[in-house]
Amino acid sequence: MKVLLSEKDGCALTGVVLLALLARMLFITSVDFPFFDEAVHITSAYSYMEQGFYGMHWYHQNLRNILFYFGMAVLGDNPLGWRLPWVLVGTSSVFILYLLTLKIFSSHRVAILAALLLAVDPLHISQSRINPDETMTVFTSLCSLYFALCYREDMKPYYLVLSGIFLGLGLSVKWYTFLTVIAVLLISLSTLLKRGHGMAEIFGHLSFIFCAVIVLPATIYLLTYYPWFGAGHSFDEFLTLQKDKYLYLQAMEASDFKDLASLNAPGVLTWFIIPALTGFKYVHSETVIIIPYVANPLAWLLVLPAIVYIIYRLSVERSFPLLITVGIFLIHYLPLLLVKRPLFLHSALTVLPAAFIAVSYFLVAILDNTRHSRALNLYMIANVVLLVILFPLLINYPIPQDIFNAYLRWLEPFLI
Amino acid sequence: MMRNAVYSLLILILFLSTLYILSSHAMGSRSYGYGIRTVGEKAPEIVVLERQREVYHLWKERRFHGRVVLHFDTEMDARPFNKMRPHFEYGIFMGVVKDTEEQLDDGNFMYYAMAEGIVRKVIGIVPEVVFEATNEKDTRKSGYFNYGAYYKGSVAGIPRVITTVKNIPSFEEPVLLDFDVKYFSRSDIDIEELFDKLKTVKADLVTFSMSEDEEGVTYDGIAKMRKFIGLLEGIR
């Protein structure tokens with residue numbers, strides 16, 4: 001079923017995407033040197049692509065190095081080349097979230113609100129500006145979920161193939177895209193229940209799902225190791241490397257991050273109970289750059305009530321949209337509670353899209369009737385106003401040390 | 001259903017092609033020297049150098065690529081990665097890699113060799129006394145995990161095994177044999193026993209670093225190493 005976009009909804013969507021782009025793009029070149037993890041990303045990109053050698057952060061996956069390298073090849077080894085690709089990926093995530101929400105609920109109102117919440121989310125904005133890994137993971141997960149739902153609706157195989165491609169790309173950035181693999185598998189297997197099949201057809205169907213959702217992502221994951229294999233490594237060594245990456249990550253303890261402890265505050269369990277307000281203070285040549293780790297309380301505090309509401313509604317009515325929303329959220333959130341090693345707040349980004357879909361549905365369901373529709377509009381405006389207030393902190397603008405000391409000392413308790 | 005079958009077949013073909021391409025790419029990028037010998041039958045080329053960093057230059061000169069190194073040393077300290085890592089600041093790494101002379105030293109030559117693709121795997125052989133004194137918790141932080149007779153892990157994505165001469169693994173390809181005199185200074189192994197352990201190893205180059213003025217180097221160690229060199233040269 002195709003849902004056409006009205007002119008008003010088209011304008012609203014354009015506005016939200018432009019807002020997302022502006023929030024992520026403005027002052028992107030104000031820091032004209034690599035800062036935070038950028039220096040590692042840049043050097044890793046060169047050494048990985050040209051020598052098949054990881055260097056630092058060897059336990060991360062390869063796609064970031066590949067995209068960084070080609071991004072710099074196209075845009076230059078300069079601030080724009082380092083950051084613009086991730087800004088565009090982060091902005092595109094907003095658009096894809098709109099499409100995904102629309103696919104689930106067939107409601108422009110819910111979709112626009114979800115997209116707006118991601119567009120103005122301070123954590124997603126700041127990470128789109130400096131953290132390619134989480135930004136890419138969100139984008140690839142959204143794309144793969146969207147195409148999986150397209151497949152469920154139309155049963156056209158190329159949709160699931162596209163979903164598999166994005167799963168492969170996501171796994172090549174962060175292993176926890178595996179959670180999205182589970183979600184896509186469940187969505188695609190649900191097509192077997194949706195339509196009756198004979199045994200032969202079921203087998204053919206299952207084989208195709210296995211190829212598209214498991215084999216294809218594995219192939220793409222392997223392909224990102226092409227430069228590494230170019231250093232002469234064998235498949236034995238490839239398997240050893242995967243094991244070593246896993247063991248190294250599992251062996252990480254909180255004491256390894258004592259300087260960055262606040263960045264894994266408040267802790268997975270309380271992400272949506274105590275919205276984070278912290279950040280990293282990066283000092284370079286008498287300037288201070290703030291890298292904020294801030295949650296939007298207007299949205300984050302509504303996540304758990306929204307999930308509870310959706311679960312309640314599911315107990316009363318059978319609804320695939322509600323099931324898929326709460327399912328995607330729980331598949332991405334619950335396993336993180338079991339991770340032993342410290343997780344930085346930016347890991348919450350993978351949960352945010354489903355969280356914002358839930359919040360949007362919740363608010364539209366509760367507020368969007370004749371009496372309270374204005375409240376929903378006011379809520380949207382409040383989120384934009386909050387963005388405007390927080391924006392100076394989000395842009396990583398290099399602040400002269402004396403100005404920081406004179407006017408911004410009050411931020412010190414929140415910063416590492 | 002036919003479309004599903006076609007897509008499935010294409011995906012499987014892509015997967016198998018990927019395995020083939022990666023395998024060929026890996027094999028094709030390894031570069032060996034001439035004169036590959038099995039140590040026990042006829043010793044490969046032997047080069048004695050003053051300092052360990054010269055080994056890197058020699059390997060680079062010979063255009064080795066994607067090699068496994070069997071490296072005899074005493075380096076099993078808590079942070080071997082830091083010891084090997086060039087002393088660089090963020091942002092000047094490219095300068096370091098391209099301008100290797102400046103910051104290369106005896107402690108980090110292996111890292112340079114890894115960074116430039118000369119070395120793809122390091123098997124580190126340390127004296128028993130060093131291996132047994134290793135603090136497992138410290139090595140875990142460096143990415144090495146205890147497997148009883150071995151410590152294994154990856155350093156900057158390069159697999160590394162640290163063990164003693166008793167547990168030298170077998171190799172399916174020729175290796176680069178590299179000895180530092182400190183190994184002979186700390187180890188109480190008999191050189192005949194050492195030779196016996198290396199008899200089946202194939203190599204195209206054996207390097208010895210004298211490092212006479214380094215801490216931990218003893219006259220006995222130097223003498224032992226010279227004797228071992230003599231033993232190898234005797235069967236060339």
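Treat the numbers as computed from the prediction; the structure is a model and nothing was measured. Naming: A, B, ... by sequence-line order, numbering from 1 per chain.
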> Of all heavy-atom pairs between A/Asp244 and B/Gly153, which one has the smallest distance, and what is that distance?
Replying inline: OD2-C, 3.2 Å
> Who wins among B/Thr18, B/Val6, B/Leu10 for the most heavy-atom pairs under 4.5 Å with chain A?
Replying inline: B/Thr18
>> Could you measure the distance from the CZ atom of A/Phe229 to the OG atom of B/Ser29? Nearest 0.5 Å is fine.
In response: 10.5 Å
> Does NZ belonging to B/Lys182 count more than 12 external heavy atoms closer than 6.0 Å?
Replying inline: yes
>> Nearest 0.5 angstrom please: B/Arg120 CZ to A/Glu237 CD, how far?
In response: 4.0 Å
>> Quick check on the interface: out of B/Leu19, B/Leu12, B/Ile21, who has the most heavy-atom pairs with chain A under 4.5 Å?
In response: B/Leu19
> Should we say atom OH of A/Tyr246 is surrounded by more than 12 heavy atoms from elsewhere, each under 6.0 Å from it?
Replying inline: no
>> By the definition ring pair (Phe, Tyr, Trp, His ring centres under 6.0 Å), identify the one residue from A/Tyr226, A/Trp228, A/Phe235, A/Tyr225 that meets it with B/His25.
In response: A/Tyr226
> Among A/Phe33, A/Tyr158, A/Tyr59, which has the most heavy-atom pairs under 4.5 Å with chain B?
Replying inline: A/Tyr158
>> Please report the interatomic distance NE2(A/His233) to CG(B/Leu22), rounded to the nearest 0.5 Å.
In response: 12.5 Å
> Do B/Tyr111 and A/Phe53 have ring centres separated by under 6.0 Å?
Replying inline: yes
> chain B contacts: which residues in residues 71-80 of chain A have a non-hydrogen atom closer than 4.5 Å to it?
Replying inline: none
>> Using side-chain heavy atoms (C-beta onward) and a distance below 4.5 Å, is B/Pro159 in contact with A/Lys243?
In response: no
> Of all of A/Val161, A/Leu247, A/Thr240, A/Leu241, which one pairs up most often with chain B through heavy atoms under 4.5 Å apart?
Replying inline: A/Leu247
>> Taking 4.5 Å as the heavy-atom cut-off, does anything in residues 207-224 of chain A contact chain B, and if so which residues?
In response: A/Ser207, A/Phe208, A/Cys211, A/Ala212, A/Val215, A/Leu216, A/Thr219, A/Leu222, A/Leu223
> Can you tell me how far OG of A/Ser234 sits from CD of B/Glu172, rounded to the nearest 0.5 angstrom?
Replying inline: 8.5 Å
> Is the NZ atom of B/Lys202 crowded by more than 12 outside heavy atoms at less than 6.0 Å?
Replying inline: no
